[in-house]
Amino acid sequence: MQSARLVFGAALLAIVTAPGVSMTAGPADPTPTFNKDVAAILFNNCVTCHRPNQMAPMALMSYKEVRPWARAIKDKVAKGEMPPWRADGRFSTFRNDRRLTPAQVQTIVAWVDGGAPEGDTPLTAALPVFKDGWTHPSGRPPDLVIEMAEAFKVPAEGELPNFTIYQELPPELKGREHFLEAIQILPGVIPAVHHASFGIAALPPGQKVGTGEAWPGGPIVPGALLDAKTGKSIGFVGDANEAAAAEGGRVDEAVGRGRRNEVGTRFCCYVPGGNFQQFRQGAGKRIPTEGYIAWGMHYTPIGKPVADRTRVGFWFQNDMTHEIVEIGPAAGQTHIVLGKQLVDDEFTPLRTSGVGNAGFPALPVIPPQTKDWAITAVRAFQDDVTLYVMWPHMHTRGKEMTYVLTYPDGREQVLLSVPKYDFNWQIFYELKEPLKIPAGSTIKTIGSYDNSAANKWNAAPQKEVYWSEQSWDEMYVGFLDVSVDKRDLRLMKQATGGRQ
């Protein structure tokens, strides 16, 4: 699911204190209207989330829907809280930057201060086209949609662990490999889906897919992992796609594994604040022709029983030069906690009770009432790579995270700083221009946690914090989307006579 306290004020103050931007408009300013001035701002920046059956609490697709929220909208945009964007504006430029311009903020402020009129002129802005909930900028529907083979019944109450459901690849994907231009995952019942992921994975030796327990003691579902000999449920708890992202150390090895499909590849996930990703022309993710679809699901009961059938949509591109892979958690990284480098025997044993996930990489517990628990992870690159996306992921005690690139000659560059991490808005930060990183470089992710009562999102400051995918535990992952420069698919295809 962002972080480091370097300078939260920069982006926010750029809006609040920019010339001409104030909480009240000047009396000489002509009053903007919804139809002529405001609708275009909302339609272009807000309705991706603020529309029916999406994560936002209200729709903003018409004057009738917007008018009751006018003053709240003014307050949020003037403070820089909406649209959500947590990156410090001093570092890097991002193609998905959601911030409004000072002029747009001033327009909304002046409109509200002028009584939020609809206007007498016809509406000048056109609503974006969303086909069945999909949000591709072109408005076109996916080239292929896959949904869970069977709806999962979420109970009205209780706690559910992360779990993985498997299903066969459809014939359209088995025939030949495909290259992704964009991908999106859509839950069937958004309020009940805490997060979800989609991947393609090979089964471990000695296992098969069939009807069995979704997790030990869980409901019987098709798509469970079974022992190939006995037919009994394996009892795996967790997101297999998360585990795949954590495997291995070197990035070129990670790409190799993804291509051989020995541990699997995660293609996308649904988290608060993000479920759509668009890649570059010629560089995207590759869908293999072998393996099983893996749905990594985490549900939160909402007070009534519901049935969710999550979908994923693919938009394809015809040709691709480089394959993008996601690299993530602990494997292949050095961890420094409170200024001390960890070694294997200093990692905390896993919590064995409750609904936490067995097998999740464990860091030392965060002590109770700790306001600034610091951690750094360092990843080294042994090959030239190209960086596209950074995604800081922590849970509710996460406070900040910063990505720092160190070149082989010792130069340092801050790539991303999220000084006020917010679990409710887990944003993928897509570089405007991909960044070439030479072999011998490292990327440090520097973060901290607030496990004190001062953290309003902390439900239990008196307790030590363990590590798992459950939101009451913690995670520390500075995800990266990269490609390995030497793995030019065109050259590899020529060298193998058309095979890769």
Side-chain angles (χ1 to χ4, degrees), residues 43-44 47-56 61 95-96 126-152 165-190 193 195-201 223 241 258 261 264-297 307-320 323-326 388-389 391 426-428 430 481:
F43 292 175
N44 291 328
V47 299
T48 297
C49 296
H50 287 273
R51 56 191 170 97
N53 302 316
Q54 294 298 309
M55 63 188 73
M61 300 182 70
R95 71 171 184 170
N96 63 328
L127 274 169
V129 177
F130 301 109
K131 298 286 188 180
D132 298 323
W134 307 107
T135 57
H136 195 283
S138 69
R140 64 187 177 92
D143 298 315
L144 177 66
V145 175
I146 300 173
E147 62 181 354
M148 293 169 61
E150 184 173 297
F152 181 82
I165 294 177
Y166 295 85
Q167 72 185 64
E168 289 272 358
L169 280 174
E172 297 94 326
L173 297 183
K174 287 184 176 181
R176 62 180 180 87
E177 64 181 13
H178 291 77
F179 305 123
L180 290 180
E181 183 264 332
I183 187 169
Q184 182 176 4
I185 188 166
L186 276 184
V189 184
I190 286 178
V193 179
H195 71 267
S197 70
F198 175 89
I200 296 177
N241 300 317
N261 203 35
T265 301
R266 179 168 68 179
F267 290 95
C268 67
C269 41
Y270 169 85
V271 291
N275 70 333
F276 172 82
Q277 189 171 4
Q278 187 172 19
F279 306 107
R280 316 285 171 141
Q281 184 63 39
K285 293 189 176 180
R286 169 188 160 274
I287 302 291
T289 58
E290 299 176 346
Y292 280 81
I293 290 170
W295 300 97
M297 306 303 298
D308 172 74
R309 197 170 187 182
T310 291
R311 301 173 289 161
V312 66
F314 297 145
W315 291 263
F316 297 126
Q317 54 179 307
N318 293 327
D319 199 9
M320 198 167 72
E323 179 181 359
I324 295 175
V325 297
E326 176 188 86
Y388 304 89
V389 176
W391 174 32
Q426 299 176 44
I427 299 170
F428 304 96
E430 305 173 18
D481 271 12

Quiz item: Between Trp295 and Arg311, is there a donor-acceptor pair closer than 3.5 Å when you use the side chain of the first and the backbone of the second?
Solution: no
Quiz prompt | Test item: Pro141 and Asp132 side chains (from C-beta on) under 4.5 Å apart, heavy atoms | solution = no
Quiz item: Among Phe179, Phe267, Phe279, Phe198, which one satisfies ring-ring contact (aromatic ring centres under 6.0 Å, His included) with Phe314?
Solution: Phe198
Exercise. Report the C-alpha separation of Lys174 and Glu168 in whole Å, then their side-chain angles, then the decisive distance to 0.1 Å, and conclude whether the salt bridge (Lys or Arg N to Asp or Glu O under 4.0 Å) test is met.
Key: CA-CA 10 Å; Lys174 287 184 176 181; Glu168 289 272 358; 3.1 Å; yes
Quiz item: Is the backbone N or O of Phe316 less than 3.5 Å from a side-chain atom of Asp143, with the two atoms forming a donor-acceptor pair by type?
Solution: yes
Self-check item: Test item: Arg309 side-chain N/O and Ala149 main-chain N/O as donor-acceptor pair under 3.5 Å
Solution: yes
Exercise. Decide yes or no on side chain to side chain contact (heavy atoms under 4.5 Å, CB included) for Leu186 and Val312, but give the supporting numbers first.
Key: CA-CA 6 Å; Leu186 276 184; Val312 66; over 6 Å; no
Quiz item: Would you say the side-chain atoms of His178 pair up with the backbone N or O of Arg176, donor to acceptor, closer than 3.5 Å?
Solution: yes
Self-check item: Minimum heavy-atom distance Asn96-Glu430, with the two atoms named
Solution: OD1-N, 3.1 Å
Quiz item: What's the spacing between Gln278 CD and Gln317 CD if we round to 0.5 Å?
Solution: 9.5 Å
Quiz item: Could you go step by step and tell me if Arg286 and Glu177 meet the salt bridge (Lys or Arg N to Asp or Glu O under 4.0 Å) rule?
Solution: CA-CA 7 Å; Arg286 169 188 160 274; Glu177 64 181 13; 2.7 Å; yes
Practice problem: Take Met148 and Asp308 through the side chain to side chain contact (heavy atoms under 4.5 Å, CB included) test and state the conclusion after the steps. | Solution: CA-CA 9 Å; Met148 293 169 61; Asp308 172 74; 4.0 Å; yes
Quiz item: Any idea which heavy atoms bring Met320 and Gly282 closest together, and the distance?
Solution: CG-O, 3.2 Å
Self-check item: Heavy-atom side-chain contact between Leu169 and Ile293 under 4.5 Å
Solution: yes
Self-check item: Separation between CG of Leu180 and CD1 of Ile324, rounded to the nearest 0.5 Å
Solution: 10.0 Å
Quiz item: Backbone N or O of Ile183 within a donor-acceptor pair of the Gln277 side chain at under 3.5 Å?
Solution: no
Quiz item: Are Glu181 and Arg140 within salt-bridge range, i.e. N to O under 4.0 Å?
Solution: yes
Practice problem: Kindly indicate whether the side chain of His195, heavy atoms from C-beta on, has any atom under 4.5 Å from the side chain of Cys269. | Solution: no
Exercise. Verify side chain to side chain contact (heavy atoms under 4.5 Å, CB included) between Thr135 and Gln184, making sure each step is shown before the conclusion.
Key: CA-CA 8 Å; Thr135 57; Gln184 182 176 4; 3.2 Å; yes
Quiz item: Is it true that a side-chain atom of Asp481 and a backbone atom of Tyr388 form a donor plus acceptor pair closer than 3.5 Å?
Solution: no
Self-check item: Ile185 CD1 to Thr310 OG1 distance, which is reported to the nearest 0.5 Å
Solution: 6.0 Å
Quiz item: Can we call the ring centroids of Phe276 and Tyr270 under 6.0 Å apart?
Solution: no
Exercise. Mark yes or no for whether Arg51, through its side chain, and Gly133, through its backbone, hold a donor-acceptor pair below 3.5 Å.
Key: yes
Exercise. Using a 4.5 Å cut-off on heavy atoms from C-beta on, say whether the side chain of Pro52 contacts that of Phe130.
Key: no
Practice problem: Would you check if Lys285 and Glu326 make a side-chain contact, meaning some heavy-atom pair closer than 4.5 Å? | Solution: yes
Quiz item: Can you name the nearest heavy-atom pair linking Pro170 to Ile146, along with the distance?
Solution: CG-CD1, 3.8 Å
Self-check item: Check against side chain to side chain contact (heavy atoms under 4.5 Å, CB included), Trp134 and Val145
Solution: CA-CA 10 Å; Trp134 307 107; Val145 175; 3.8 Å; yes
